[in-house]
Number of protein chains: 2
Amino acid sequence: MTRVSQKIQPFSQECNDCPIRHRAVCARCEADELTLLEQIKYYRSFEAGQTVVWAGDKMDFVASVVTGIATLSQTMEDGRRQMVGLLLPSDFAGRPGRETSAYDVTAATDLVMCCFRKKPFEELMIRTPHIGQRLLEMTLDELDAAREWMLLLGRKTAREKIASLICIIARRDASLQLNASDGELRFDLPLTREAMSEYLGLTLETVSRQVSALRKEGLIVTEGKRQIVIPDFDLLLEETGDDSDGGFLI
Amino acid sequence: MTRVSQKIQPFSQECNDCPIRHRAVCARCEADELTLLEQIKYYRSFEAGQTVVWAGDKMDFVASVVTGIATLSQTMEDGRRQMVGLLLPSDFAGRPGRETSAYDVTAATDLVMCCFRKKPFEELMIRTPHIGQRLLEMTLDELDAAREWMLLLGRKTAREKIASLICIIARRDASLQLNASDGELRFDLPLTREAMSEYLGLTLETVSRQVSALRKEGLIVTEGKRQIVIPDFDLLLEETGDDSDGGFLI
DNA sequence: CGTCATATTGACTGGTGTCAACCAGTGTGG
DNA sequence: CCACACTGGTTGACACCAGTCAATATGACG
């Protein structure tokens with residue numbers, strides 16, 4: 001688990017071509033504001049498994065996830081770990097006005113981040129309200145997601161947790177790529193069993209058992225190690241314990 | 001559980017005399033901005049146990065908690081409940097830009113809120129950046145608290161959960177009133193066993209058992225039903241599972 | 001082929017949930 | 001005034017879900 005080696009990937013440096021342009025912290029920026037951001041941004045790439053920063057370490061930048069998935073985790077003294085954030089493309093990492101990272105930030109998959117040095121970003125935030133407004137909106141969304149997650153952690157059974165996680169990832173995948181080939185959903189699980197267990201507050205053995213159970217019952221089909229097919233999404237939704245109706249696609 | 005009856009309590013209507021003036025969403029406002037807020041604010045009082053709004057119901061205001069404690073809870077179809085927010089004086093309820101409440105909002109104790117009709121508040125937010133800035137700051141704090149809470153829900157034992165909750169309330173109590181009479185901490189538990197169980201993702205029986213266990217071991221002393229004395233705070237802290245050092249008093 | 005990381009499965013344990021009885025305090029109405 | 005109900009809390013007996021420990025698969029990669 002090294003924290004070196006971030007080769008600059010071939011990637012368009014133009015904000016206008018950016019895949020997350022309309023959803024990230026810069027979403028509301030006008031052309032001139034974008035120019036200012038463009039001057040202080042730089043890209044960093046990480047390989048799957050690499051740590052971006054450790055909890056407590058100095059973090060002198062904030063960043064948007066461009067491609068890939070990052071996780072935020074907390075660790076207890078005796079090693080118990082709980083994931084507390086799952087950052088997908090366009091999500092924001094780091095906190096303006098704070099020196100160090102409160103969490104371990106890890107690349108769950110290969111990852112590209114659009115980074116801004118913290119100081120200039122903070123100054124820019126004061127001058128351009130559009131950034132602060134968008135950040136507030138995104139933080140409120142994060143808070144809602146965290147509260148949904150708390151319900152899962154506090155009250156759901158292992159089976160419901162697994163079904164919920166698969167539905168969450170399926171939804172997010174569907175919202176990015178519109179691969180609605182009939183009612184059947186197909187996507188890659190971007191998390192290892194261990195990462196899933198850290199997300200769900202379970203052991204990795206329980207995760208494995210419950211995934212197997214859902215497979216044996218035909219609620220999901222696995223192809224290879226990571227690929228998942230959901231033959232009937234509504235059927236799986238019923239296993240999450242959530243209200244049947246409340247399912248809005250992101 | 002009615003939702004009527006909010007008698008206006010005798011309470012200073014002057015923002016300058018407000019006990020939460022320096023910590024609430026209005027904390028950064030200048031005198032002139034405060035005047036604008038003052039024009040659209042109104043107080044509402046609730047008795048312990050009353051519901052402020054139900055999840056899904058229209059909520060046409062946002063509000064600061066002035067005195068007392070409010071809770072945010074989610075309910076699953078079959079009745080399982082999880083608390084997802086604990087609002088203390090100066091904390092903010094409601095979300096600008098959203099019509100309905102996402103959670104049940106309940107008065108855990110007698111409660112006074114300083115309310116703003118949503119529309120005027122949103123318009124004010126656009127014109128006075130200080131409100132949005134402060135709200136962002138508070139939301140980021142809420143998010144951090146929610147993530148700490150997720151660690152508790154996902155990874156802590158019942159005993160650690162109870163110890164953690166008592167420490168959290170003791171800290172907050174100490175931060176409001178500086179009653180540092182020696183090393184001994186004394187305060188009222190503002191939550192019923194049921195509310196504690198909803199906070200912690202436990203049953204109320206388990207809460208009761210673990211509180212009794214801590215009492216029998218002398219880690220806490222109970223006087224009457226609700227009053228709690230902590231003879232040695234550090235000793236109790238060791239039962240939370242948290243890092244021994246990281247304990248900053250709010 | 002061996003090694004390593006990841007995943008699966010089994011046997012067993014134990015912590016927490018469930019169901020139920022009981023207690024204490026408070027308010028109510030005959 | 002006392003019987004009664006009602007709410008909030010405590011304690012016990014027992015069941016069961018998920019954790020623990022361990023063995024075995026699977027696949028990637030040298």
Side-chain angles (χ1 to χ4, degrees), chain A residues 1-2 47-50 76 78-82 106 108-110 152-166 188-217 220 222-228 239 241, chain B residues 1 47-50 76 78-82 106 108-109 152-166 188-217 220 222-228 239 241:
Chain A
M1 204 72 56
T2 58
E47 289 169 28
Q50 265 191 298
M76 293 171 68
D78 60 6
R80 281 176 280 176
R81 278 172 68 84
Q82 175 65 51
T106 310
T109 64
D110 288 346
L152 176 148
L153 290 172
R155 294 304 184 189
K156 289 192 177 179
T157 65
R159 181 187 175 86
E160 289 168 339
K161 287 178 174 180
I162 298 289
S164 299
L165 176 56
I166 295 177
D188 278 324
L189 253 196
L191 302 177
T192 64
R193 294 288 181 266
E194 187 179 20
M196 291 173 69
S197 74
E198 286 182 11
Y199 185 109
L200 299 171
L202 297 170
T203 59
L204 106 196
E205 292 96 327
T206 299
V207 170
S208 189
R209 268 186 260 271
Q210 296 294 340
V211 170
S212 296
L214 292 179
R215 176 166 18 83
K216 278 165 191 159
E217 296 172 35
I220 59 173
T222 56
E223 296 186 353
K225 213 99 203 186
R226 291 293 188 79
Q227 181 129 179
I228 289 212
E239 300 299 322
Chain B
M1 204 68 63
E47 291 169 25
Q50 266 191 297
M76 293 172 66
D78 60 6
R80 282 175 280 175
R81 277 172 69 85
Q82 175 66 50
T106 311
T109 65
L152 176 147
L153 290 172
R155 293 304 184 190
K156 288 190 177 180
T157 65
R159 181 186 176 85
E160 289 169 339
K161 287 178 174 181
I162 298 289
S164 299
L165 176 55
I166 295 177
D188 278 324
L189 254 196
L191 302 178
T192 64
R193 295 285 181 267
E194 187 179 20
M196 291 173 68
S197 75
E198 285 182 11
Y199 185 109
L200 299 170
L202 297 171
T203 60
L204 107 194
E205 292 96 328
T206 299
V207 170
S208 187
R209 270 186 260 271
Q210 296 294 341
V211 170
S212 297
L214 292 179
R215 174 164 22 82
K216 278 165 191 160
E217 295 171 36
I220 60 174
T222 55
E223 296 186 353
K225 215 96 198 187
R226 290 292 188 81
Q227 182 129 180
I228 289 211
E239 300 299 324

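Note on naming: letters A, B, ... go to the chains in the order of the sequence lines (proteins, then strands), and numbering restarts at 1 for each one. What you are looking at is a predicted structure, and each value in this text was computed from that prediction instead of being measured.
Counting non-hydrogen atoms under 4.0 angstrom, A:R80 reaches nothing in the nucleic acid. Across all strands shown, A:R226 has heavy atoms under 4.0 Å from sugar-phosphate atoms exclusively, and none from any base. The residue B:S212 sits close only to the backbone: its heavy atoms come under 4.0 Å of sugar-phosphate atoms, none of a base. Contacts of A:T192 with the nucleic acid, taken as non-hydrogen atoms under 4.0 Å apart, involve only primed sugar atoms and P, OP1 or OP2.
Taking for each of B:R215 and A:T206 the nucleotide of DNA chain D with the nearest heavy atom, the 5'-most of the two is the partner of B:R215. Nearer the 5' end of DNA chain C, as judged by each residue's closest nucleotide, is the contact made by A:L204, out of A:R155 and A:L204.
Computed from coordinates, the B:Q227 CD to D:dG9 C1' distance equals 17 Å when rounded to whole Å. What separates CG of B:L152 from P of C:dT16 is a distance of 12 Å, to the nearest Å. Taking atom CD1 on B:I162 and atom C1' on D:dG9, their separation rounds to 13 Å, with Å as the unit. Taking atom CG of A:L202 as the reference point, atom C1' of C:dA7 lies 16 Å away to the nearest angstrom. Nucleotide D:dG9 holds its P atom 9 Å from the CE atom of B:M196, rounded to whole Å. Look at NZ on B:K156: it is 18 Å from P on C:dG15, rounded to the nearest Å. As a whole-Å value, the separation of B:L189 CG from D:dT10 C1' is 16 Å. To the nearest angstrom, P of C:dA7 lies 16 Å from CD of A:Q210.
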**OP:** Test salt bridge (charged side-chain N to carboxylate O under 4.0 Å, His left out) on B:E198 and A:R155 and set out the steps.
**Re:** CA-CA 9 Å; B:E198 285 182 11; A:R155 294 304 184 189; over 6 Å; no
**OP:** Go through the steps for B:E239 and B:K161 under the test salt bridge (charged side-chain N to carboxylate O under 4.0 Å, His left out), then give the verdict.
**Re:** CA-CA 9 Å; B:E239 300 299 324; B:K161 287 178 174 181; over 6 Å; no
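No donor-acceptor distance shorter than 3.5 angstrom exists from the side chain of B:S208 to the backbone of B:E205, with no hydrogens or angles considered. The backbone N or O of A:T157 sits less than 3.5 Å from a side-chain atom of A:E160, completing a donor-acceptor pair.
When the nucleotides D:dT20, C:dC19, D:dA18 are ranked by their closest atom to the side chain of A:T203, D:dT20 comes out on top. The nucleotide whose nearest atom lies closest to any side-chain atom of B:E205 is, among D:dC21, D:dA18, C:dT18, C:dT18.
The pair B:R81-B:E194 fails the salt-bridge criterion, with no side-chain N (NZ, NE, NH1 or NH2) lying under 4.0 Å from an Asp/Glu carboxylate O.
Donor-acceptor pairing under 3.5 Å, judged by distance alone, is present between the side chain of A:R209 and the base of D:dT20.
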